[in-house]
Trainee: 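Below are the structure tokens for one structure; questions will follow.
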Number of protein chains: 2
Amino acid sequence: MQNLLAEYHDKLSSNNYKLTSQRKDILTVLINNKDRHFSVEDLYNEVKKVNPDVGLATIYRNLELFCSLNITHMLEFESDYKHYELVSEDDHHHHLICMNCDKIIEFNDEDLVKFEERLAEEYDFDMVKHYIKFYGYCNSCQNSNEGEME
Amino acid sequence: MQNLLAEYHDKLSSNNYKLTSQRKDILTVLINNKDRHFSVEDLYNEVKKVNPDVGLATIYRNLELFCSLNITHMLEFESDYKHYELVSEDDHHHHLICMNCDKIIEFNDEDLVKFEERLAEEYDFDMVKHYIKFYGYCNSCQNSNEGEME
DNA sequence: TTGGCTGCAAATGGTTTGCACTAAT
DNA sequence: ATTAGTGCAAACCATTTGCAGCCAA
């Protein structure tokens, strides 16, 4: 855990950015919630629990900075606001998103890597990153009456 | 071409919506540019060529309507504004997006369907739709010096 | 005829920015 | 000490909404 923070500290310093207390607080929240995807507002509220004086603009500015340093990346959900999460080593996970309860199931898949390789060759495309999202109804919502089964 | 317009007319009428001249103009532009993805602004400008008096709010309101009727759907590019395109029968195409020149290559793939089926079973997920986007550098940008090869 | 549609302009709300102050190095 | 970073509030800008007039059915 602390290793990660140290790693990010290094990344900041080596790019001539300072490790301010706000940045430390934001990163700590992200590290302690590796499996969550935060909206800016969510992250803001979480950081305020640790540092009530933090400003919303600081969250915005630092998420932008962290993304440029590949510490975080933006997720593109079908939402009106942006979501962010830490970039992790085993970062080839994707999302199954329930259209009823908004639950997000993450998955990894080997086959996707092969698929991507084939695609890259076929279209002579130098693949950098991909976003894959599946929308549908999760187990619980299929079985309840709330999931609209037309 | 005209078949499509008639089809959309039916869909509108049967849902108690009128085929106004503005709606006809918007649909015509979309039909005549099936392979383009429009930002709202782009579509607005295109429709204005035919009907200079059309209002921007009308474009917004009708794209929302068309999406609810499954005539169009929203694309989620890494952009600050939403993009739309017509829903088509053979609609399992996805996007390779060049990070240098912003070119968008569309592709279809059989394997993706199989992959999706396996995933649905594995996670007991009732799949409705998916968004798959690959980011990287296209052929031309790999070979020019403009694509940054770090 | 008449209720849905439209154009206009004002409002909304997530995000960005200017500025004076603060703090990490 | 110096300059990057911060909090605040105002600005920004894509999108939404209220309303009076208009037109497809």
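Note: hydrogens, waters and symmetry copies are ignored here, and every other heavy atom, side chains too, is used. Below, read A as the first sequence line, B as the second, and so on, with proteins coming before strands; counting in each chain starts at 1.
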Trainee: State whether A:Asn51 places a side-chain N or O below 4.0 Å from either non-bridging phosphate oxygen (OP1 or OP2) of D:dT6.
Mentor: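 False: A:Asn51 side-chain N/O out of range (4.0 Å or more) of D:dT6 OP1/OP2.
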Trainee: Measure the OG-CG distance between A:Ser39 and A:Asn45 for me, rounded to the nearest 0.5 Å.
Mentor: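 Result: 8.0 Å between the selected atoms.
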Trainee: Does atom CD (B:Glu122) have a neighbourhood of more than 12 heavy atoms from anything else shown, all under 6.0 Å?
Mentor: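 Yes, the 6.0 Å shell around CD holds more than 12 heavy atoms from other groups.
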Trainee: In B/S/- notation, 5' to 3', how is nucleotides 14-19 of chain C contacted by protein heavy atoms closer than 4.0 Å?
Mentor: SBBBB-
Trainee: What is the distance from OH of B:Tyr44 to P of C:dT6, rounded to the nearest Å?
Mentor: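 Distance check: B:Tyr44 OH to C:dT6 P gives 14 Å.
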Trainee: How close or far is atom C1' of D:dT6 from atom NZ of A:Lys48, stated in whole angstroms?
Mentor: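 Taking atom C1' of D:dT6 as the reference, NZ of A:Lys48 is at 15 Å.
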Trainee: Restricting to salt bridge (charged side-chain N to carboxylate O under 4.0 Å, His left out), what partner residues turn up for B:Lys114, sequence neighbours left out?
Mentor: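 Once residues adjacent in sequence are excluded, the partners of B:Lys114 under the salt bridge (charged side-chain N to carboxylate O under 4.0 Å, His left out) criterion are B:Asp111.
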Trainee: Name the atoms and distances for all side-chain donor-acceptor pairs under 3.5 Å in residues 48-55 of chain A, with sequence neighbours left out.
Mentor:
from: A:Lys49; atom 1: NZ; to: A:Glu46; atom 2: OE2; distance (Å): 3.1
from: A:Asn51; atom 1: OD1; to: A:Asp53; atom 2: N; distance (Å): 3.0

Trainee: What is the separation between atom CG on B:Asn15 and atom C1' on D:dA25, rounded to the nearest whole Å?
Mentor: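 Result: 16 Å.
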Trainee: What string of B, S and - do you get for nucleotides 20-25 of chain C 5' to 3' if you count protein non-hydrogen atoms under 4.0 Å?
Mentor: ----BS
Trainee: Just the rounded figure in Å: distance from C1' of D:dA24 to CG of B:Asp25.
Mentor: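 Checked: the CG to C1' distance equals 14 Å.
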Trainee: Nearest-Å distance, CD1 (B:Ile59) to P (D:dA14)?
Mentor: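 Those two atoms, CD1 and P, are 15 Å apart.
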Trainee: Whole angstroms only, please: what is the CZ-C1' distance between A:Arg23 and D:dT6?
Mentor: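 Nearest whole value for this atom pair: 10 Å.
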Trainee: Whole angstroms only, please: what is the CG-P distance between B:Leu43 and D:dT15?
Mentor: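 Value for this atom pair: 12 Å.
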Trainee: Which residues pass the side-chain hydrogen bond (donor to acceptor under 3.5 Å, both in side chains) test with A:Arg36, sequence neighbours left out?
Mentor: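 Counting only residues at least two positions away or on another chain, A:Arg36 forms no side-chain hydrogen bond (donor to acceptor under 3.5 Å, both in side chains).
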Trainee: Once rounded to the nearest 0.5 Å, what's the spacing between atom CZ of A:Arg118 and atom OH of A:Tyr123?
Mentor: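 Interatomic distance, A:Arg118 CZ to A:Tyr123 OH, rounded to 0.5 Å: 9.0 Å.
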Trainee: Find the distance between NE2 (B:His37) and CE (B:Met74) and round it off to the nearest 0.5 Å.
Mentor: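 B:His37 atom NE2 to B:Met74 atom CE measures 14.5 Å (nearest 0.5 Å).
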Trainee: Rounded to whole Å, please give me the gap between CZ in B:Phe38 and P in D:dT15.
Mentor: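 Checked: the CZ to P distance equals 15 Å.
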Trainee: Examine distances only and state if a side-chain atom of B:Lys11 and a backbone atom of B:Ile71 form a donor-acceptor pair shorter than 3.5 Å.
Mentor: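 Judged by distance alone, no pair lies under 3.5 Å.
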Trainee: Not counting sequence neighbours, list each pair that qualifies as a side-chain hydrogen bond (donor to acceptor under 3.5 Å, both in side chains) and has a residue in residues 16-30 of chain B.
Mentor: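 As it turns out, the side-chain hydrogen bond (donor to acceptor under 3.5 Å, both in side chains) pairs with a partner in residues 16-30 of chain B, which skip direct neighbours, are B:Arg23-B:Asn62.
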